[in-house]
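Residue numbering restarts at 1 for every chain, and letters A, B, ... go by the order of the sequence lines. Treat the numbers as computed from the prediction; the structure is a model and nothing was measured.
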Amino acid sequence: MNNNEDKFKKVVAHCKEYGFVFPSSEIYDGLGAVYDYGQNGVELKNNIRSYWWKSMVYMNENIVGIDAAIFMHPTVWKASGHVDGFSDPMIDNKDSKKRYRADQLIEEKAAQYEAKGKTDKAASLLSAMNTFLNDNDLEGLKNLIVEAEIACPVSGTRNWTDVRQFNLMYSTQMGSAADSAEQVYLRPETAQGIFVNFLNVQKTGRMKIPFGIAQTGKAFRNEIVARQFILRMREFEQMEMQFFVRPGDEMKWYAHWKETRMKWHLNLGTPSADYRYHDHEKLAHYANAAVDVEYRFPFGFREVEGIHSRTGFDLGKHQEFSGKKLQYFDTEMNQSYTPFVIETSIGLDRMFLLLMCNAYTEEEVRNGDATEIRTVLKIPAPLAPVKVAIFPLTKKDGLPEKAREVMDLLKCDYNCLYEEKDNIGKRYRRMDAIGTPFCITIDHQTLEDHTVTVRDRDTMLQERISIDALEKLMDEKLNLRHLLKNL
RNA sequence: GCGGAAGUAGCUCAUUUGGUAGAGCACGACCUUGCCAAGGUCGGGGUAGCCGGUUCGAGCCCGGUCUUCCGCUCCA
């Protein structure tokens with residue numbers, strides 16, 4: 001456990017030191033649970049997103065992508081249940097330090113009255129509670145708890161804090177005049193942007209069921225407790241795909257996506273022992289089956305991705321709230337129905353953290369008679385932030401000029417880094433630290449026979465090849481295609 | 001939100017009981033070198049997280065605050 005905590009600290013420190021992740025607004029002491037991606041982080045993140053997008057949209061003829069706005073009509077969130085379900089009045093007991101949902105405390109008290117046959121008292125308590133809840137009267141709820149003499153189940157005391165509203169959705173106003181402005185939310189999930197565009201995409205794309213709509217984008221949740229670096233952030237990025245199927249077929253497709261998604265993960269070379277499924281026993285109101293794909297982070301197994309069978313809940317709700325018919329006419333069955341949905345929803349930032357944890361390696365290497373520690377990020381080569389580093393062995397004798405020629409040859413296809421400072425060993429190690437798969441060195445022999453050495457990050461071995469063969473070799477090692485073909 | 005710990009240079013850390021801050025690495029220039037974190041010379045960089053108090057004097061003592069980490073709590 002100590003080793004693991006230690007490793008996690010090292011990964012976090014490494015992320016900052018090598019330009020992967022910075023705390024947001026750090027010069028102002030940071031902003032809680034908000035992080036920025038740096039020059040290397042953004043490359044890795046883009047590459048993970050690209051691997052996901054291509055595996056979904058390019059590799060499946062019946063899946064297309066969209067990019068919906070973060071702002072959506074406020075009624076969307078009423079229909080989805082987020083306005084009610086995402087906002088809770090909370091109260092803390094000062095003695096036990098326990099936090100409760102105020103409405104649940106009152107409901108329990110009402111149930112106790114009920115059990116003792118005091119039906120009237122229970123009913124009046126609940127109706128008072130509902131009035132306060134509807135009016136958003138937090139003081140009223142607090143008074144109700146005090147008057148009903150509700151005690152903390154743990155400490156047994158009635159030493160309560162004020163009731164506070166914890167709304168997990170961020171809101172702002174649309175329209176400049178505050179009094180006439182409409183309250184809008186920052187989306188707490190990207191899925192609803194897909195559901196409200198279901199018919200647009202289905203009709204304009206002439207999509208036939210079963211088909212999917214994929215989307216990546218930012219979502220926002222005002223987490224009460226945000227911890228563990230970028231695992232739980234207030235602003236984060238999701239990669240979601242909603243797959244629309246015939247009602248009745250959903251369990252078949254649920255099994256399909258459960259398996260397909262795990263394959264996507266394991267295809268990155270992460271040990272399968274570090275992955276597991278976690279089936280939900282308590283299902284959300286919209287689901288009839290749900291499973292998490294969990295990864296063994298240094299601090300334990302955590303959810304990286306969720307696969308949910310959402311039934312017809314979402315489309316049904318939007319049909320109800322919008323009054324627009326959201327149905328599909330199935331030509332084979334010759335009938336219309338509300339499709340069922342299988343959702344795959346993965347956290348991009350969590351995937352990023354997963355890869356960093358898995359890639360971070362400290363290994364002993366011999367240097368003469370001494371052994372020293374080499375820190376290397378073993379990121380899958382097609383996802384690495386910098387793909388190729390180009391080094392002239394010395395900074396004179398025309399080697400830098402030759403190195404620039406090699407750089408020009410590759411820079412349109414790959415993120416390359418040119419470096420002539422310090423000795424070659426130091427430059428290799430710096431590239432190891434950010435996970436650069438290949439270092440190309442231009443030496444005096446290059447000027448004679450047009451060959452360079454290519455040094456491999458993981459084996460540290462060098463191979464001398466002709467400059468003319470470089471493009472082909474790099475394509476074989478670095479193109480995302482090779483990952484995708486194995487899916 | 002509660003409890004515990006921490007915050008000194010880009011990084012890792014020193015600074016014996018209060019006396020106006022230092023090393024290694026990193027960074028920049030030059031020299032020497034040239035295949036796995038080499039050597040030399042010179043140089044840049046810190047109002048000690050922030051605010052306040054005690055004191056002749058605070059990185060050090062006290063209070064507050066912010067941030068991070070650990071444990072609770074919460075998680076459609």
Side-chain angles (χ1 to χ4, degrees), chain A residues 1-2 5-6 8-10 12-14 16-19 22-35 77 80-88 90-101 104 154 161-162 164 166-169 188-189 191-192 219 221-229 232 280 282-287 290 299 302-303 306 308 310 313 345 365-368 370 372-376 391-397 399 420-433 439-445 452-457 459-462 464:
Chain A
M1 191 62 194
N2 275 341
E5 274 174 26
D6 197 41
F8 185 58
K9 277 182 186 163
K10 281 179 177 173
V12 173
H14 198 85
K16 172 155 186 247
E17 191 172 351
Y18 290 93
F22 307 122
S24 164
S25 323
E26 197 185 9
I27 61 169
Y28 292 101
D29 281 337
L31 184 64
V34 184
Y35 291 89
W77 307 111
S80 69
H82 285 86
V83 169
D84 298 325
F86 236 47
S87 163
D88 300 321
M90 307 294 284
I91 190 166
D92 292 15
N93 183 273
K94 290 178 185 172
D95 297 312
S96 64
K97 312 291 186 200
K98 297 287 175 189
R99 170 168 297 163
Y100 302 93
R101 275 176 56 174
Q104 286 180 349
V154 174
T161 63
D162 286 340
R164 278 163 300 185
F166 283 87
N167 192 331
L168 295 187
M169 279 199 294
E189 64 173 25
Q192 300 305 324
R221 293 180 197 182
N222 194 7
E223 301 283 357
I224 298 168
V225 174
R227 281 284 172 77
Q228 277 147 344
F229 196 41
R232 180 174 289 187
H280 287 211
K282 201 179 130 200
L283 294 170
H285 56 278
Y286 53 72
F299 40 81
R302 291 296 137 87
E303 177 189 357
H308 303 139
R310 296 180 72 126
F313 177 84
S345 173
V365 290
R366 298 212 73 104
N367 183 16
E372 51 192 34
I373 300 293
R374 177 174 88 116
T375 302
V376 49
F391 302 149
L393 188 59
T394 80
K395 50 181 146 180
K396 50 191 182 195
D397 303 332
L399 296 186
E420 60 183 37
K421 203 176 138 33
D422 294 315
N423 74 65
I424 198 76
K426 201 177 245 182
R427 285 181 264 170
Y428 286 153
R429 295 300 172 81
R430 273 204 289 261
M431 288 302 103
D432 289 341
C439 297
I440 296 174
T441 300
I442 286 78
D443 57 15
H444 291 91
Q445 193 181 330
V452 293
T453 62
V454 177
R455 181 260 196 187
D456 183 277
R457 176 193 69 198
T459 63
M460 296 171 70
L461 296 175
Q462 286 173 260
R464 181 168 283 277

Round to the nearest Å and state the distance from Ile424(A) atom CD1 to rU32(B) atom C1'.
17 Å
Just how far, in rounded Å, is P of rC75(B) from CD of Glu189(A)?
17 Å
Touch check for Thr453(A), heavy atoms < 4.0 angstrom, all strands: base, sugar-phosphate only, or nothing?
base
When you get a sec, tell me which of rA37(B), rG28(B), rC36(B) is the closest nucleotide to the side chain of Lys421(A)?
rG28(B)
Roughly, in whole Å, what's the span from CE in Met169(A) to C1' in rC74(B)?
17 Å
Whole Å only: how far is the CG atom of Asp456(A) from the C1' atom of rC36(B)?
13 Å
Counter-base of rA21(B), judged by Watson-Crick or G-U geometry with both distances under 3.5 Å
none
Less than 3.5 Å between a donor and an acceptor, one on the side chain of Arg455(A) and one on the base of rC36(B), is that the case here?
yes
Here the distance between atom C1' of rC35(B) and atom CD1 of Ile440(A), to the nearest Å, is 15 Å
All N/O pairs under 3.5 Å across the protein-nucleotides 10-14 of chain B interface:
unit_1: rC11(B); atom_1: OP1; unit_2: Lys16(A); atom_2: NZ; d: 3.0

So Glu26(A) and Tyr35(A), do their side chains get closer than 4.5 Å, heavy atoms only?
no
At less than 4.0 Å, is any side-chain N or O atom of Arg429(A) found next to OP1 or OP2 of rC35(B)? Yes or no.
no
Roughly how far apart are Leu399(A) CG and His444(A) NE2, rounded to 0.5 Å?
4.5 Å
Separation between the C1' atoms of rA21(B) and rU16(B), rounded to whole Å:
16 Å
Enter the distance from Glu420(A):CD to Arg427(A):CZ here, rounded to the nearest 0.5 Å.
8.0 Å
In the structure shown, which nucleotide is the Watson-Crick or G-U wobble counterpart of rC35(B), with both distances under 3.5 Å?
none
Closest approach to the side chain of Lys9(A), judged atom by atom: which nucleotide of rC69(B), rG28(B), rC35(B) is it?
rC69(B)
Is Lys426(A) close enough to rA26(B) that one of its side-chain N or O atoms is under 4.0 Å from OP1 or OP2 there?
yes
Report the residue from Arg455(A), Arg374(A), Met460(A) that forms a side chain to side chain contact (heavy atoms under 4.5 Å, CB included) with Tyr428(A).
Arg455(A)
Tell me which nucleotide among rC27(B), rA37(B), rC74(B) gets nearest to the side chain of Tyr18(A).
rA37(B)
NZ/NE/NH1/NH2 to OD/OE distance under 4.0 Å, Arg429(A) and Asp422(A):
no
Ignoring backbone atoms, test whether Asn423(A) places a side-chain nitrogen or oxygen under 4.0 Å from the OP1 or OP2 oxygen of rA38(B).
yes
With a non-hydrogen cut-off below 4.0 angstrom, is Asp432(A) in contact with a base, only sugar-phosphate, or nothing?
nothing
Phe391(A) atom CZ is separated from rC35(B) atom P, nearest whole Å, by 15 Å
May I have the distance from Arg232(A) (atom CZ) to rC69(B) (atom P), rounded to whole angstrom?
13 Å
Using a 4.5 Å cut-off on heavy atoms from C-beta on, say whether the side chain of Lys9(A) contacts that of Val12(A).
no
For Leu393(A) and rC36(B), give me the distance from atom CG to atom C1', rounded to whole Å.
12 Å
Close side-chain approach of Pro23(A) to Lys16(A), heavy-atom, < 4.5 Å
yes
First encountered from the 5' end of RNA chain B, between Pro392(A) and Arg374(A)
Pro392(A)
On a plain distance test, is the side chain of Arg427(A) in donor-acceptor contact with the base of rC36(B) below 3.5 Å?
no
Out of rC35(B), rC69(B), rC75(B), which has the shortest distance to the side chain of Arg464(A)?
rC35(B)
Residue of the set Ile440(A), Asp443(A), Leu393(A) for which side chain to side chain contact (heavy atoms under 4.5 Å, CB included) holds with Val452(A):
Ile440(A)
